[in-house]
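Worksheet for the structure shown next.
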Amino acid sequence: MRSTLMATLSIMIMMAIGALYPNQSFALDAEDAPEVVELDALSDLYEPVTFDHAMHVDAAECVECHHHTTGQQPVDPNCLRCHATSEETDSISCGECHSAERFSPQDLKERSNPDLYHIDKPGLKGAYHLNCVGCHEEVDGPTGCQDCHAMTEKGKKQFQVSIVPPKAGSKKDAHE
Amino acid sequence: MKKMAQTSQEIPIVDHNRNDGTLWLIKEKILLGLSPEEYKTMLKRNPVNWFLFVLLGVGIPLIIIRYLFGLDTVTHSSNDYPWGLFLGFGLFGMVPLSASGFLLGTTVEIFGRKDFVPIERLALLNGLLGYFFAVVYLEVDLGMPWRLPYPMFVSLGPAAVLFLVAWHVATYLSVQIAEILPAYFEWIGWLKGKRFIKSITIGLTIAGIILSTLHQGALGALFTYAPTKVHPLWLSTNFIWIHFFCSAIFAGLSMVIVVSTLCKRFMTWRCDERFLNNIDDLTVKLGKGCSYAIITYLVIKVVGIAHDNEWAYLLTGWGNYFMLEIAVGVILPFFLFTIGVKNYLPNLVRLAAFISVLGIIWNRLNTALIGFNWQLYQEVPRWQEVWVTCTIFAIYFMVYRFILYRLPILYEWKGDK
Amino acid sequence: MKKLLNRRTFLKGSLAGSAAAVSVGRSQKAMAKDFEGYPESMGVLVDLSRCVGCRSCEAACNEEQNLPAPEKPFNDFSVFDEMHHGQKRRTDETRYTVVNRYDVPEIDHPLFRKIQCNHCQEPACLTSCFVNAYTKTPEGAVIYDASVCVGCRTCMVACPFYIPAFRYSSAFNPRIMKCIFCYDTRLKNGQPPACVEACPQEALTFGHRKELIRIGHQRIRENKDQYVDHIYGEHEAGGTAWMYLSPVDFEKVGFDTSVPKEPILNFVKDFLAIVPMVLTIWPALFAGIHLLATRKDGIKKQQQTEGETEK
Ligand code: SF4
Ligand code: SF4
Ligand code: SF4
């Protein structure tokens, strides 16, 4: 059982490293992939992201973001232990595996299954950012929050962007 | 005052009756038998009072500001140094200096050493006032001073060391008030009250020992909550309560010596023969007690270092500072005490006592402020904080003096008692 | 939970003065180091290698807890350069959590560390408070009741992580300000705290503490060179609900590695153990001494009076 666990581990790793596309299912062939994908499932404080999929297809292999789901063989030996012969899956959209409801009681309950290997699979938001930002850092892609998505009015409110910082040195009296 | 006391044989008041047999009124007793005008002139003539006037003139407004606008108006309001001078000096410094009450109480009432009687009341008063003003300091420092009784009656957290301190200081304060009441009863002439207190003296004294042992130690134990913050040379989690308790013994005795010296020198008119004739003897005897306590303290200090194997720290800058404290605050007074006692040199004992009082305050400040957060940075108190601390100490001094002038502490009441 | 109660009850007894010397034996058992806390308690695993210093968590916390407006907006990253007495930013009366930047030579990008209350299993703040203002809830949060707090600030002295802050600025309504794990608004209902929900990087993983330890060890195991083999908080201060993974030695990113691996309360127990002894032994001891000392007096007096009458 332990070895199964160990084997299944690979997926999780790949998932942690890879970002996935929502609500789109396409075949192994990158040519079949959509040109752009609107990432809007989570937009709240920030506007949706218009993701130039076609451009990214040139920059990376499918497997780097989609793990084993497109039928390509994962690179990580850890993943290979289970997913060496994994077939293309029915849906390869990110949200299929990465829950948008991360940390909900339901989500936590599913993960507490002692037989589950992927106990550390990120939620949808985590999956996006971990994959995008991680890679962007390496290839000098945009990494600032607003480089990819503009802040909404709600976001501006939460980040209190209208505050003008006091001159250096003046101690602000707390509140009340 | 001295001069005035000589001008009239009736002053100082030591009896209920005037020379002509009529009774002194309480009001007259309060004014020391002087007319209000005479009293005012007396106050004005004393340069100490002018100094106090200036001190309080700034200090009192500062205290008012603190209560109206928050602690951050007088302190650094540091989250890294939650305790500043008010507690570092006022609580941790005043309480050991006030151990005198239970020490002399024990000596006289429990060990039956009646030879210490001339100084017993002074020691009791010193204890009472020290504790009382420690609470005053606490009240200035507490965020919500109006909730002082909460740990007693509203929301009890009995597993905390501070809970013990709170309860013990509160009970011990009442014990000390009871112990000093006979002097007051003699003065106002209510003998029934005095006799009642006399009948429970032993109980009060034993209660005093228990409470004192525990809360003197508990003040030290408070720092065991911060094992990573207080410098290891000042905090031995196993021994710090013994360190605090043991140092409180010579601190308390030294404080009585210091106060009695001041009284003998500046308040001679108020002291009676019994006090003046015995004071040199008693000073030497107290000095002997001090030297025993101080050497015990030194030994367990070393034991503390050895137990935690902290020798390496001694070679650091902190170690040098620590050794300076030990050398000046402990070893020096120890030698002075020993020499003074051996050769019957009361004045040397007095010097030793004076140094060890400062040494103890220094030790408490080192534990609570200077060695605290030793890995972070050093917080230097704001001048307002220092000023308020001095102001409260000045009020302490004034209350002390006010009582000594009147109640039969330094003299025996001549009237019925 | 039972153990915890036992222990507290014991301490209550001894300090309040009712426990007899008998309970000293019990104390050793009750204070055993193996207390594991509430079994179902929740926690958060903070992964420093994931945090990008976006301060979304700070912004979310500020809104969720209705904290006062900050000096600088939350998308102002100059705060990472702020220094106070040579220290980086810390929690204070306006913020329950802050993120600080650390430039570590062996890594080509800066690391960020979020701090907030760690919600200890056996909180030092709680055990040191003499009015019981703190509660460790079964969900894992360490919450605070401002209505009984006296403002003595012992909890601030006791917290080994320098977390509780005091609202010094208020004369009439001061209080301790400290992260409460969003207990009232979220945790109680099984929801993650606001910061966790806000974090884009899932640098904050919310879950059962037990599971988080499993996850943490798995992450270390599966990513061999990416983490130091240690979960800060698994044992520190007796275990904390918020725990940390770091790609570099913890002291390089501002953690105090001298925090003991046992509850702070263990350091206090030497003193606590003597309390019942003093309470029981002292009265007898000193009453005895008094009798002895005064008996001699009595005899002397008797002899004196006898001598005088003989004369
Ligand atoms: S981190 Fe500090 S404030 Fe938070 S529970 Fe632990 S001791 Fe208390
Ligand atoms: S400041 Fe308040 S919460 Fe903290 S220990 Fe004191 S009474 Fe308890
Ligand atoms: S929200 Fe997450 S990534 Fe952003 S600073 Fe906070 S912990 Fe780091």
Side-chain angles (χ1 to χ4, degrees), chain B residues 66-72 75 77 79-80 82-83 106 109-112 114 138 141-145 147-148 150-151 154-167 202 205-206 209-210 213-214 217-218 220-229 237-238 240-241 375-377 379, chain C residues 7-8 11-13 15-17 85-87 90-93 124 127-133 145 148-154 156-158 160 162 164-171 174-175 256 258-260 264 267-268 270-272 274-275 278-279 282-283 286-287 289-290 293-294 296-297:
Chain B
R66 174 259 172 270
Y67 278 111
L68 289 182
F69 301 106
L71 263 174
D72 68 346
T75 72
S77 55
N79 289 316
D80 296 326
W83 292 339
T106 311
E109 309 297 342
I110 307 291
F111 297 148
K114 300 293 178 212
L138 185 70
D141 190 69
L142 281 184
M144 304 75 153
R147 291 194 186 152
L148 189 67
Y150 272 37
V154 179
S155 178
L156 279 57
V161 171
L162 196 63
F163 179 81
L164 179 141
V165 176
W167 267 92
I202 297 296
T205 313
I206 293 184
I209 308 175
I210 299 171
T213 321
L214 286 178
L222 271 180
F223 291 101
T224 59
Y225 281 116
T228 58
K229 297 186 183 177
T237 52
N238 303 94
I240 191 164
W241 70 271
Q375 283 154 313
L376 287 190
Y377 59 94
E379 184 87 274
Chain C
R7 174 166 171 168
R8 299 248 163 82
L11 293 174
K12 269 175 206 169
L15 284 189
H85 290 292
Q87 309 292 311
R90 59 156 289 167
T91 54
D92 67 20
E93 59 182 278
T127 44
S128 71
C129 177
F130 71 156
V131 290
N132 247 342
D145 176 4
V148 295
C149 172
V150 180
C152 68
R153 310 195 288 286
T154 313
M156 297 167 66
V157 168
Y162 292 91
F166 195 68
R167 202 195 260 165
Y168 287 104
S169 62
S170 165
R175 52 165 292 167
D256 184 353
S258 68
V259 168
I264 297 296
F267 294 87
V268 186
D270 270 331
F271 173 71
L272 296 180
I274 64 130
V275 173
V278 169
L279 283 175
W282 260 217
F286 285 94
I289 293 177
H290 170 66
T294 42
K296 259 188 256 154
D297 269 6

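Throughout, a chain's letter reflects where its sequence line sits, starting with A, and its residues are numbered from 1.
- To the nearest 0.5 angstrom, B/Phe223 atom CZ is 10.0 Å from C/Thr154 atom OG1.
- Across C/Ser258, C/Cys152, C/Pro260, the residue that shares the most heavy-atom pairs under 4.5 angstrom with chain B is C/Cys152.
- Remark: the C/Asp256 side chain and the C/Tyr162 side chain contain no N/O donor-acceptor pair separated by less than 3.5 Å.
- For the set B/Ala166, B/Ala226, B/Ala218, the entry with the most heavy-atom pairs within less than 4.5 Å of chain C is B/Ala218.
- In this structure, C/Phe130 CZ and B/Leu156 CG are separated by 10.5 Å, a value rounded to the nearest 0.5 Å.
- Neither the backbone nor the side chain of B/Thr205 comes within contact range of chain C; no heavy atoms are under 4.5 Å apart.
- Contacts of B/Leu138 with chain C are absent, with no heavy-atom separation under 4.5 Å from either backbone or side chain.
- Side chains of B/Tyr67 and B/Pro145 form a contact here, defined as non-hydrogen atoms less than 4.5 Å apart.
- Chain C forms more heavy-atom pairs under 4.5 Å with one residue of B/Thr75, B/Leu68, B/Ile110 than with any other, namely B/Ile110.
- Chain B forms the most heavy-atom pairs under 4.5 Å with one residue out of C/Ala133, C/Cys129, C/Gly86, C/Pro164, and that residue is C/Cys129.
- Heavy atoms of B/Glu109 lying under 4.5 Å from chain C belong exclusively to its backbone.
- Between the B/Ser155 side chain and the C/Asn132 main chain, no donor and acceptor come within less than 3.5 Å of each other.
- For the options B/Leu71, B/Val165, B/Leu214, heavy-atom pairs under 4.5 Å to chain C are most numerous at B/Leu214.
- With a 4.5 angstrom heavy-atom cutoff, B/Ile209 touches chain C via backbone and side-chain atoms both.
- Once rounded to the nearest 0.5 Å, the distance linking CZ of C/Phe166 with CG of B/Asn79 reads 9.5 Å.
- Ranking C/Ser128, C/Ala158, C/Pro160 against chain B, the residue ahead of the rest is C/Ser128, based on heavy-atom pairs under 4.5 Å.
- Note on C/His290, C/Met156, C/Gln87: by heavy-atom pairs under 4.5 Å with chain B, the leading option is C/His290.
- No other option in B/Thr213, B/Ile240, B/Val154, B/Leu148 has as many heavy-atom pairs under 4.5 Å with chain C as B/Thr213.
- Taking every heavy atom of both residues into account, B/Asp80 and C/Arg90 meet most closely at OD1-NH1, 2.6 Å.
- Here the CG-CZ distance, from B/Asp141 to C/Arg153, works out to 4.0 Å after rounding to the nearest 0.5 Å.
- Of the residues considered (C/Tyr168, C/Phe286, C/Trp282), C/Tyr168 shows the highest number of contacts with chain B, using heavy-atom pairs under 4.5 Å.
- Contacts between B/Phe69 and chain C at a heavy-atom distance below 4.5 Å involve the backbone alone (N, CA, C, O).
- Atom-to-atom distance recorded for C/Arg175:CZ and C/Glu93:CD is 11.0 Å, nearest 0.5 angstrom.
- Between chain B and the options C/Val278, C/Val157, C/Asp145, C/Asp270, heavy-atom pairs under 4.5 Å are most frequent for C/Val157.
- For B/Pro151, the parts lying under 4.5 angstrom from a heavy atom of chain C are both the backbone and the side chain.
- Between the CG atom of B/Leu162 and the OH atom of B/Tyr225 there is a distance of 8.5 Å, given to the nearest 0.5 Å.
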